[in-house]
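See structure below.
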Protein chains: 4
Amino acid sequence: MTGKNTRIQREKREVILDAALQVFSENGFRGATLDRIAKVAGLSKPNMLYYFPGKEAIYHTLLNRLLETWLEPLERLSAEGDPHTQIMDYIRAKLEFSRSYPRESRLFANEILNGAPRLLDELGGPLKTMVAEKTQILQGWMDAGKLAPVDPYHLLFAIWATTQHYADFAVQVGAVLGDRDPDPITTASHFLETLFFAGLDPR
Amino acid sequence: MTGKNTRIQREKREVILDAALQVFSENGFRGATLDRIAKVAGLSKPNMLYYFPGKEAIYHTLLNRLLETWLEPLERLSAEGDPHTQIMDYIRAKLEFSRSYPRESRLFANEILNGAPRLLDELGGPLKTMVAEKTQILQGWMDAGKLAPVDPYHLLFAIWATTQHYADFAVQVGAVLGDRDPDPITTASHFLETLFFAGLDPR
Amino acid sequence: MTGKNTRIQREKREVILDAALQVFSENGFRGATLDRIAKVAGLSKPNMLYYFPGKEAIYHTLLNRLLETWLEPLERLSAEGDPHTQIMDYIRAKLEFSRSYPRESRLFANEILNGAPRLLDELGGPLKTMVAEKTQILQGWMDAGKLAPVDPYHLLFAIWATTQHYADFAVQVGAVLGDRDPDPITTASHFLETLFFAGLDPR
Amino acid sequence: MTGKNTRIQREKREVILDAALQVFSENGFRGATLDRIAKVAGLSKPNMLYYFPGKEAIYHTLLNRLLETWLEPLERLSAEGDPHTQIMDYIRAKLEFSRSYPRESRLFANEILNGAPRLLDELGGPLKTMVAEKTQILQGWMDAGKLAPVDPYHLLFAIWATTQHYADFAVQVGAVLGDRDPDPITTASHFLETLFFAGLDPR
DNA sequence: AATGAATGAGTGTTCATTCAT
DNA sequence: GATGAATGAACACTCATTCAT
């Protein structure tokens, strides 16, 4: 049925996935309705279900793609080059992701927050593997005296938390800042460089 | 109707709110059903609605309580005392909150993530006001040379993000760490002290 | 249980019936709720059900009383005296009933309108019997040349319709008249005398 | 959504409205249930709600149609022609309405009886306006000596009351008459001509 | 005599999914 | 490919009635 990957099929699937991303990220899985997704996508509901077998299928397709995108910046963290640059590149990439793909970030956060019922295997599999690999690199830098000796896992958690915050808690950030900062993510970039590489103690 | 505050009323209301906290924090507002809350609370659905007028009322009661609890540690941040101690006390209080009240943290995160439709006023009101006040204290410390000069708002964001992460993304933290760390929040406490007050540059 | 007719019992039953009359007449049988009746009566719902076994029982008690009151003015229509006076006395009594007991009138109308499921026997029994009797009187007057020869049954229908209208359709009467007539029922009394005994043809 | 007026849509909507008319007129708004309407219409409840957004919408559609039909005979009352004919035409049209559309009449009566919560605006608006206009015509005839001088508003009330009675109180009429009159409305037509244009005084 | 508490059976409405064309 | 139509299962909430005290 959906095996024929004609160009028009692929395009329609993209339109649907984009609409679904918006609706799922704003309402969570159960809060989202196929009606709304179909309306946003500009299709009839049965027509949409011609391209995807059901609500779960749409959601899973989004999640799977998302994990790849989510992992990709971390993938680039390499033992080559100096730690400061490498880590700041990662932080900036994550901030850029929060700026450009806030809906994806919130979709991911929603899923994790609700216990990751449809992502647990991926978290314990591909993600765990890659994290194990990259923490090795961080550990190597620490062992070589190029980086302060800290728990590399929690270092990654701190990077994820501080960067994703600007997408996931955007409403709160906006409410608290008011008009104070027209470009909070750029400010965050500078702030995080100071935080991560100098700390708050005055020199 | 439910105005009389008899002992049994207060107790039942607590039982309901506890069940609701669990169900709402796991599923978000729309994903939660009164059926499930009632079952968790061990009551019939109509009996539950004898104590609260409806789903919204239960949720609002939870949210209102929550915001107070959420703000309370920040409230204690005081200009008196030295910055390092004050800030670390705040970080530890937030971590303790994530350890003891992860469901409350996730309820809050869920609400913000979905656009805070039932909390926007509070965010722009009481929260904004208190944050404005507390960033003044931080700014004062920076002006006095007791703290590295950074954006105080983003400093608060970083504290919130890194501490709440252990409640909100607990599933991911657990999946990534596996058995490696039996007490991640304690590890986080040490890690965050290094991060916030020394940074990652080797000395 | 409810056999003991103490004074206080009788009074409470009256309070309940009065509240029920109001609520039933405004909302019909199904539209009325025991909650509202109890609130209007100033009793708790279970306490109210101590005096009456249930919703149906309250309603039936009202209906039975009502039929008596409804029939009473007709009862007084007597072969003695002249037709004009007798009939106008009946019309005025019915108008007075609409003025003083509009809720009773509407309760009755509601019941008939909805097919009289709880009053059919009474309609085909006591009411039919009395009407048969009274139409005999009317017929007697007509046979004696004291009254224009018309169908006596439809004459009664016309009296009922025109007089009850001021209670049952009070909202419409009020909306149509606006401020034009501060006392429509008195106006109606004069109008109906002309209508019934002179007609509309100019003399 | 339901905007497309396909043939099948129009037909189904009529089926639903017909079923709804029956159920609403027998039970009033609150007494009617969508379950029963759907059963009478021969549809499933959700399917019915595919054609109408909800219970209120069905009811309002009925009411709006009804008011037009209700006003139409009055509309035709014209200053041209002689009063007797004009008024009797109106009375006969109203009786015909009671004969052919008793459910509509009862729906209307039910609404008024319960305070016209969904029709008050119409009563004080279009209805009041048309009545004001038509009473002018009646008044004109009286001023010209072509009609006995009576209150024209109450004259209309009397016409409405006596004609609608045969639909709204049909159960009572039937119970009282028994087998006596196989065609009460025709009898009523003659009776009302005598009543309205001759009165009960013997000549 | 009175009331707080509890519940089974509805009641209007939503929603993912399926059917027919 | 596409859509109008249809439905079973939920879902939030109501209500008459009963229970326990």
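Below, all heavy atoms of this structure are taken into account, side chains as well, without hydrogens, waters or symmetry copies. Each chain gets a letter, A, B and so on, in the order the sequences are listed, and its residues count up from 1. Everything numeric here is computed off the predicted structure, so don't read it as measured data.
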Whole Å only: how far is the [atom1] atom of [X] from the [atom2] atom of [N]?
X	N	atom1	atom2	result
D/Tyr50	F/dG4	OH	P	6 Å
D/Asp35	E/dA9	CG	P	15 Å
D/Phe29	E/dT11	CZ	C1'	12 Å
D/Lys55	E/dT11	NZ	C1'	8 Å
D/Leu34	E/dG12	CG	C1'	6 Å
A/Asn27	E/dC15	CG	P	10 Å
A/Phe52	F/dG1	CZ	P	14 Å
A/Arg36	E/dT14	CZ	P	12 Å

Using a strict cut-off of less than 4.0 Å between a Lys/Arg side-chain nitrogen and an Asp/Glu carboxylate oxygen, indicate whether B/Glu14 and B/Arg10 qualify as a salt bridge.
->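 Looking at B/Arg10 together with B/Glu14, the answer is no, because their closest N to O distance does not fall below 4.0 Å.
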Is it true that B/Arg13 and B/Asp18 have a side-chain N and a carboxylate O under 4.0 angstrom from each other?
->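 Between B/Asp18 and B/Arg13 there is no salt bridge, as every charged N stays at least 4.0 Å from the carboxylate O atoms.
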What are the residues of residues 38-48 of chain B, sorted by number, that bring a heavy atom to within less than 4.0 Å of DNA chain F?
->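 DNA chain F contact set from residues 38-48 of chain B: B/Lys45, B/Pro46.
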When the nearest nucleotide of DNA chain F is assigned to A/Lys12 and to B/Gly31 on a heavy-atom basis, which residue is associated with the more 5' position?
->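 Nearer the 5' end of the strand: A/Lys12.
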side-chain N/O D/Tyr51 vs F/dA6 OP1/OP2, d < 4.0 Å =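 Answer yes for this pair, as a side-chain N or O of D/Tyr51 is under 4.0 Å from OP1 or OP2.
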Contact under 4.0 Å: C/Arg30 side-chain N or O vs E/dT11 OP1/OP2 =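 Yes, C/Arg30 has a side-chain N/O under 4.0 Å of OP1/OP2 on E/dT11.
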Proximity to the side chain of [X] - top-ranked nucleotide from [options]:
X	options	answer
B/Ile8	E/dA2, E/dA5, F/dA16	E/dA5
D/Gln9	E/dA16, F/dA16, F/dA5	F/dA5
D/Leu49	E/dT14, F/dA2, F/dA16	E/dT14

Heavy atoms only: give me the nearest B/Ile112-A/Val171 pair and the separation to one decimal.
->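 For B/Ile112 and A/Val171, the tightest heavy-atom pair comes out as O-CG2, 4.0 Å.
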Do other residues, nucleotides or ligands put more than 12 heavy atoms under 6.0 Å from the CZ atom of A/Arg103?
->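 Above 12, so yes.
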A/Arg118 CZ: over 12 foreign heavy atoms closer than 6.0 Å =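 Above 12, so yes.
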Parallel, tilted or perpendicular for A/Phe24 and A/Phe29, by the 30°/60° rule?
->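 Parallel: the ring planes of A/Phe24 and A/Phe29 meet at under 30°.
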Do C/Tyr59 and C/Glu111 touch side chain to side chain, with heavy atoms closer than 4.5 Å?
->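 A side-chain contact exists here, since the closest heavy-atom pair is under 4.5 Å.
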Side chain D/Lys12, main chain D/Asn47, donor-acceptor under 3.5 Å |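 Checked: no pair found.
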Flag, side chain of C/Arg106 to backbone of C/Ala167, donor-acceptor distance under 3.5 Å =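 Yes, C/Arg106 side chain to C/Ala167 backbone: donor-acceptor pair under 3.5 Å.
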Base, sugar-phosphate, or nothing: which does A/Ala32 touch, judged by heavy atoms less than 4.0 Å apart?
->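 If one applies the 4.0 Å heavy-atom cut-off, A/Ala32 turns out to touch the sugar-phosphate alone, with no base involved.
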Range-with-range stems for DNA chain F, at least three Watson-Crick or G-U pairs under 3.5 Å |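 Stem list for DNA chain F: E:2-21 with F:2-21.
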Measure the spacing between CG of D/Leu107 and CD of D/Gln22 and express it to the nearest 0.5 Å.
->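 D/Leu107 atom CG to D/Gln22 atom CD measures 12.0 Å (nearest 0.5 Å).
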